[in-house]
Amino acid sequence: MKQHELAAFFSQIADLLEYRGDNPFRIRAYRRAAQNLENFSGDLAHLAQAGRLRELPGIGADLADKITEYLSTGAVAALERLKRTTAPGVLELLEVPGLGPKTAKLLTERLGISTVHQLEEAANAHRLRRLPGFQEKKEQNLLKGIEILKKGRERMHLGIALPLARELLRSLQRVSGVTRISTAGSLRRMKETIGDLDLLVASTSPARVMQALSRLPLCARVLASGTTKSSILTPDGVQVDVRVIKPDSFGAALQYFTGSKEHNVRLRELAIRQGLKLNEYGVFRLKTNQRLGGREEADVYRALGLPWIEPELREDQGEIDAAKAGRLPRLVDAKDVRGDFHIHSTWSDGSNQLEELAREGAARGYDYLAICDHSQSLKVAHGMSVARLRRQMEQIRALNRRLRGFRLLMGAEVDILTDGSMDYPNDVLAELDFVIGSIHSGFSQSEATLTRRLVSAMRNPYVTLIAHPTGRLMGQRDPYAIDLETVFASAAETGTALEINAFPRRLDLCDTAARRANALGATLAISTDTHSLDQLDNITIGLGVARRAWLEPRDLLNCRPLNRLLEWIARKRAA
DNA sequence: GCCGTTTTCGGCCCGACTGTTTTCAGTCG
């Protein structure tokens, strides 16, 4: 995961070059490279050794050298040089929303400001008004920006963003004159964390929508308000951007505001090469300005000679080439899901009885749920002794005798102990239908040790699925150190599935890792890690990750009907 | 700094909103 630090370095280079007024296209090249590194899920060091860095999009000779330099020294000299020769504090100042490179230059050169704290003092003392083009309003806006920065513009996870968006959509839907409404932006693309919420409204009377928006209980402050675009802040400090569009160009606007930015840039480049222009109002011929479409999103893609591309794929990660070649994946969908594997009940730390879970699973149209309560070592979660596990199995068998067209699988989430052995002996595991292997202890072991633990669990014939393979908890705990390439290869080799844990703070594997695992031949499974009935809904979030990973139904274990699932498990046990 | 169905040189996406302006620069997405 070194590429994240490197991406940050490239991004800092871009910021500093921008401050210095360098060539904007050079700056963009750094930003694009940073973005691509952020999304890259392979093994950077391996690619570098093979001399194949330039195969990465946006990486040419110069940036390939800088990557190599970083991999061997842990630093990029060009960045260090820029930092040394640029006024101190520039990178910190640029963090303030609304403060860009030009303003930063004024602040550092005219007033010698080098920290956000100094900026705040200067603004409060009205010293900024001495600057050209500065009056009271700009001073206040910078103070507001500092306030937002201090609150921490922390991105929210989908578990928060989705319900909030649903509530806003419901409210705006009721405004008269509104004909269509949709989320856009990173939420529609189902990115794991969301910065601002983007909403799109088709209406013939924009003013009414903007007025209604400012009066919502969820509107704590109006940040900006124009005729077609407004931004508000919710009481929890979430920024919501709302665009009102004429119904005739709703599709073009939806395409435009769904992004990603990188995807859109590629599309507009493609348009220019065809003598076309693409903007949020539609696709136009450059010469005549004749409009070729824009009411539906598909119109936009069609005008560029492409099939419609699913929002989750729009990250400039090969989807445009795939679309051109007619090789877009048939992404997994909610209706493909036949069951859920990682379900806790009152037997360990869940809050629902087996029977309630069975009823709910059947009501959702699933064929099966695997009950996987914790194993004996995990005392904090009321892990089950072998005796209790067997009593639970007895109860599940009894329940299954009464169920028609639905089955509870007898499973367990079994700790992978610090020495790599399983928390139940193999003869007990053999009695279960479904075995999850999980790491819940020894997070700080070395990469080699943790990787060995996972691999030895996968070599156990009874282990069907590795849960939350990296152990990360967004905002709380970093992933523990494991060699993902080795783990993925081992999963493929042993016929062990890897989980896409759909708990909003986990999303583990994440999209890029899941895509890589699939590329290396591993089978995946979306499971919700449910501890109470409503958490079964998180399957939607897991589906988002799977779709962003380009997964098709055949790549996912829980898209298989029961008999095929049981065959898959049996095959590993026999081998 | 990258890149090639217009190119190995000369291009490189597009528009809205704000504030301070009488026509535009800065910032953002």
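Since the model is a prediction, treat every value here as computed from it, not as a measurement. Lettering of chains follows the sequences in order, A, B, ..., and the numbering in each one begins at 1.
- Regarding contacts with the backbone of B:dC13, every side-chain N or O of A:Asn279 stays at 4.0 angstrom or more from both OP1 and OP2.
- Each of A:Arg28, A:Arg31, A:Arg26 was checked for a side chain to side chain donor-acceptor pair (under 3.5 Å) with A:Glu18, and the lone residue meeting it is A:Arg31.
- A salt bridge (Lys or Arg N to Asp or Glu O under 4.0 Å) with A:Arg188 is found for one member of A:Glu310, A:Glu312, A:Glu297 and no other, namely A:Glu297.
- The closest side-chain heavy-atom distance from A:Gln118 to A:Leu107 is not below 4.5 Å.
- In this model, the phosphate group of B:dG1 is approached by a side-chain N or O of A:Arg26 to a distance below 4.0 Å at OP1 or OP2.
- Partner of A:Arg547 under the salt bridge (Lys or Arg N to Asp or Glu O under 4.0 Å) criterion, out of A:Asp555, A:Asp333, A:Asp336, A:Asp511: A:Asp333 alone.
- Going from the P atom of B:dC14 to that of B:dC9 covers 26 Å, rounded to whole Å.
- Nucleic acid contact class of A:Leu278 (heavy atoms, under 4.0 Å, all strands): sugar-phosphate only.
- Separation of the P atoms belonging to B:dC13 and B:dG4 is 14 Å when rounded to the nearest angstrom.
- Nucleotides B:dT27 and B:dT21, compared at atom P, are 16 Å apart to the nearest Å.
- For the C1' atoms, the distance from B:dT23 to B:dT18 is 15 Å, rounded to whole Å.
- Between A:Gln274 atom CD and B:dT6 atom C1' there is a gap of 14 Å when expressed in whole angstrom units.
- The distance between atom CD of A:Glu280 and atom P of B:dC28, rounded to the nearest whole Å, is 18 Å.
- More than 12 heavy atoms of other residues, nucleotides or ligands sit less than 6.0 Å from atom CZ of A:Arg330.
- Within the structure, a side-chain polar atom (N or O) of A:Lys137 is placed less than 4.0 Å from OP1 or OP2 of B:dG19.
- The two atoms that bring A:Ala78 and A:Lys66 nearest to each other are CB-CE, 3.5 Å, heavy atoms only.
- Rounded to a whole Å, the CZ atom of A:Arg273 is 8 Å from the P atom of B:dG4.
- For A:Gln135 and B:dT21, the shortest distance from a side-chain N or O to OP1 or OP2 is below 4.0 Å.
- For the pair A:Ser231 and B:dC17, the criterion of a side-chain N or O lying under 4.0 Å from OP1 or OP2 is not met.
- The 5' end of DNA chain B is approached more closely, in terms of each residue's nearest nucleotide, by A:Arg268 than by the other of A:Arg268 and A:Lys229.
- Going from the P atom of B:dG26 to that of B:dT22 covers 14 Å, rounded to whole Å.
- Taking the C1' atom of each, B:dT20 and B:dA25 are spaced 10 Å apart, rounded to whole Å.
- Counting atom types as modelled, A:Asp241 pairs no side-chain N or O with a base atom of B:dG29 as donor and acceptor under 3.5 Å.
- A distance-only check finds a donor-acceptor pair linking the side chain of A:Thr108 to the backbone of A:Ala104 [under 3.5 Å].
- Following rounding to the nearest Å, A:Tyr256 (OH) and B:dC28 (C1') show an atom-to-atom distance of 10 Å.
- For A:Leu131 and B:dG19, the CG to C1' distance is 14 Å, given to the nearest whole Å.
- Looking at residues 60-74 of chain A, you'll see A:Gly60, A:Ala61, A:Asp62, A:Leu63, A:Lys66 sit with a heavy atom under 4.0 Å from some atom of DNA chain B.
- Taking atom CG of A:Leu270 as the reference point, atom P of B:dG4 lies 13 Å away to the nearest angstrom.
- A side chain to side chain donor-acceptor pair (under 3.5 Å) with A:Glu315 holds for exactly one of A:Arg189, A:Gln35, A:His263; it is A:Arg189.
- The C1' atoms of B:dT6 and B:dC17 are separated by 35 Å, rounded to the nearest whole Å.
- Across all strands shown, B:dC9 pairs with B:dG4; the Watson-Crick or G-U wobble distances both stay below 3.5 Å.
- Heavy atoms of A:Ile27 sit nowhere under 4.0 angstrom from any nucleic acid atom.
- Atom CZ of A:Arg52 is surrounded by 12 or fewer heavy atoms from other residues, nucleotides or ligands within 6.0 Å.
- Annotation: side chain of A:Ile181 is not in contact with side chain of A:Leu199 (no heavy-atom distance under 4.5 Å).
- In the set B:dA16, B:dC13, B:dT18, the nucleotide with an atom closest to the side chain of A:Asn141 is B:dT18.
- In the region residues 101-122 of chain A, proximity to DNA chain B at under 4.0 angstrom, judged on heavy atoms, holds for A:Pro101, A:Lys102, A:Thr103.
- Heavy atoms of A:Arg28 sit under 4.0 angstrom from at least one base atom.
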For this session: Starting from the C-alpha separation in whole Å, work towards a yes-or-no answer on side-chain contact (heavy atoms from CB on, under 4.5 Å) for A:Trp308 and A:Glu296.
Result: CA-CA 10 Å; A:Trp308 181 74; A:Glu296 302 302 327; over 6 Å; no
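- Atom CG in A:Leu223 sits about 13 Å away from atom C1' in B:dC28, given to the nearest Å.
- Classified by interplanar angle (parallel below 30°, tilted 30° to 60°, perpendicular above 60°), the ring pair A:Tyr30/A:Phe10 is perpendicular.
- For the C1' atoms, the distance from B:dT8 to B:dC3 is 9 Å, rounded to whole Å.
- Both A:Leu286 and A:Ala224 lie close to DNA chain B; mapped to their nearest nucleotides by heavy-atom distance, the more 5′-ward contact belongs to A:Leu286.
- When the side-chain nitrogen and oxygen atoms of A:Tyr281 are compared with OP1 and OP2 of B:dA16, one or more of them lie within a distance under 4.0 Å.
- Distance, A:Ile194 CD1 to B:dG29 C1': 14 Å, rounded to whole Å.
- Put simply, A:Arg54 has no side-chain N or O that comes within less than 4.0 Å of OP1 or OP2 on B:dC2.
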